[in-house]
Amino acid sequence: MTLTIADRLLHWYDQHRRQLPWRGDPDPYAVWVSEIMLQQTRVDTVIPYYDRWLAQFPAIADLAAASLEDVLKLWEGLGYYSRARNLHQAAQQVVRDFGGQLPNNLQDLRTLSGVGRYTAGAIASICFDLDEPTLDGNIRRVLSRLFDVVEPLGSSQGDRILWELARTHLPSGRAGDYNQAWMDLGATICTPRNPQCELCPLRSDCQAYGLGIQSDRPVPKPRKQIPQRSAVAAIILSGSKVLLTKRQEKGLLGGLWEFPCCYVDENFTGDSLQDASRREGANLPKFLHQFLLTEFSTEFGSEFATAFAKEFPVETYVPNLFGTYKHAYTHFRVTLHAYLFPFKESSEKLGKHPCLDWVAIAELSNYPMGKLARQMAQKLAKA
DNA sequence: AAGACGGGGAC
DNA sequence: GTCCCAGTCTT
């Protein structure tokens, strides 16, 4: 009898599987944490975060009882911070609705925040031996080459085909290994560029290889141009402390701390670098100064706004440049100019608000921040 | 169906 | 510089 594709795939996996910290851990919580961290994130990046996470939150109950601040601090640098917020919330969901145990079926798994179709299939097959397929970036690429799928990656039509292919070839009884085998094959052999086809156990089954078009599969989805934005930030010093503000829970870098800042063009239209250079030519420190006065008086009370206006008269005070930073987010790039506003006298009692804090320079490392704010904080600590 | 959502590594 | 990574949620 002839070997199926799954037979050959699993045979290869039995010999070449990667040794990873979450592999062989019988605790579904450990697998769950790894799957969330691995979303859009490489294995090598995840491993140190995974180890620290399991050390600090060994069980679901530990995570559920933790503060969001501590959770975000441990996630700092991994990106896509909604994953951390969702994982935290889902842990509380599990304690409240499922007796502290991760549910062992696809439907209940999908009710957890941050658990989508991929993660539910992965957990169900790996932890609970359910015959469920799953589909990630690796599996999409491998199946697209193997079966010469021409529908663009991520299109709904393409996804329908790929989910069906994954389910069609799934063997009964080893779905967890089958799913992970596709991913290991995609990560180590059937790579995005320069795939090692001569080492592939499925070479003779591969339609793209047969046609010599491996590098043309999968068909990428057309990309849009990334807009360029400008921003200004304020380093407001008082004694040995600096003013931090906390971002709102939702959206970009939600719940993280930063130095007070704003985009120069809130009515950004998304077109062209011309707008960017026009904004760069504007009077940025003056714009920032006005923003701070408005922001402080509307958000943080008139007392602090008054003290700030007295110390830094908008007509006469010209702040020094602290630094210029360029950063690329997923869907836009930003150039940020930071300016200094040093109070002559210590005024720590000014500005009381849950989303505002005077922080000693030495304590900045305790506050969860995005990369840009972290860079600024580190420069401040060195000076 | 398309966009929001981070940061880093490989080329 | 570009691509893309063990995707999910929102609009």
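All values derive from a computational prediction rather than experimental measurement. Within every chain, numbering begins at 1; the chains are lettered A, B, ... in the order of the sequence lines, protein sequences first and strands thereafter.
Comparing dG7(C), dG9(B), dG6(B) by their nearest atom to the side chain of Arg42(A) picks out dG9(B). Ranking dA4(B), dG6(B), dA6(C) by closeness to the His331(A) side chain, first place goes to dA4(B). Distances from the side chain of Asp136(A) to the nucleotides dG7(C), dA1(B), dG7(B) place dG7(C) closest. Considering only the side chain of Trp22(A), dA6(C) comes nearest among dA6(C), dC3(C), dC5(C).
Going from the C1' atom of dG7(B) to that of dT10(C) covers 22 Å, rounded to whole Å. The same atom, P, is picked in dT11(C) and in dG6(B); the two are 15 Å apart, to the nearest Å. Distance check on atom P: dG8(B) versus dC9(C) gives 24 Å, rounded to whole Å. Taking atom C1' on both nucleotides, dC4(C) is separated from dC5(B) by 15 Å, rounded to a whole Å.
Remark: C1' of dG7(B) and CH2 of Trp75(A) are 13 Å apart, rounded to the nearest angstrom. With rounding to whole Å, Asp44(A) atom CG is found 12 Å from dA10(B) atom C1'. The interatomic distance linking Ile226(A) (CD1) with dC4(C) (P) rounds to 13 Å, in whole Å. For Phe332(A) and dC5(B), the CZ to P distance is 7 Å, given to the nearest whole Å. Across the protein-nucleic acid pair, Tyr49(A) atom OH and dG6(B) atom C1' stand 10 Å apart, rounded to whole Å. When the C1' atom of dC4(C) is taken as reference, atom CZ of Arg193(A) falls 8 Å away, rounded to whole Å. Rounded to whole angstrom, the span from the CD atom of Gln40(A) across to the C1' atom of dC5(C) amounts to 6 Å. Leu109(A) has its CG atom 17 Å from the P atom of dG7(C), to the nearest Å.
Considering only side-chain N and O atoms, His327(A) lies under 4.0 angstrom from the phosphate OP1 or OP2 of dG7(B). Proximity of Arg374(A) to the phosphate of dG7(B): no side-chain N or O atom is located under 4.0 Å from OP1 or OP2. Residue Arg83(A) places no side-chain N or O under 4.0 Å from the OP1 or OP2 atom of dA6(C). Side-chain N/O atoms of Lys224(A) include one lying less than 4.0 angstrom from OP1 or OP2 on dG3(B). Not one side-chain nitrogen or oxygen of Tyr80(A) sits closer than 4.0 Å to the OP1 or OP2 atom of dC5(C).
When the nearest nucleotides of DNA chain C are assigned to Val115(A) and Val43(A) by heavy-atom distance, the more 5′-ward of the two goes with Val43(A). Of the residues near DNA chain B, Lys221(A) and Leu252(A), the one whose nearest nucleotide (by heavy atom distance) lies more toward the 5' end is Lys221(A). Residues Met183(A) and Lys250(A) both approach DNA chain C. Their nearest nucleotides, taken by heavy-atom distance, put Met183(A) toward the 5′ side.
In the interface, the side chain of Thr45(A) is not paired with the base of dG7(B) through any donor and acceptor atom under 3.5 Å apart. For a distance-only test at 3.5 Å, the side chain of Thr119(A) fails to qualify as a donor-acceptor partner of the base of dG7(C).
Side chain of Gln92(A) to main chain of Ala64(A): a donor-acceptor pair is present (N/O by atom type, distance under 3.5 Å, no hydrogens or angles). Side-chain atoms of Arg174(A) never come within 3.5 Å of backbone atoms of Leu170(A) as a donor-acceptor pair (strictly under, hydrogens ignored).
Taking the six-membered ring for Trp, Tyr50(A) and Trp22(A) have ring centres closer than 6.0 Å. Annotation: Phe343(A) is in aromatic contact with Phe312(A) [ring centroid separation under 6.0 Å].
The cationic atom of Arg85(A) (NZ for Lys, CZ for Arg) does not lie both less than 6.0 Å from the six-membered ring centre of Trp75(A) and within 45° of the ring axis.
Atom CG of Asn138(A) is separated from atom CG of Asp184(A) by 8.5 Å, given to the nearest 0.5 angstrom.
Of the N and O atoms on the side chains of Trp358(A) and Glu363(A), not one donor lies less than 3.5 Å from an acceptor on the other residue.
As judged by a 4.0 angstrom heavy-atom cut-off over every strand, Leu253(A) is placed among residues touching the sugar-phosphate backbone only.
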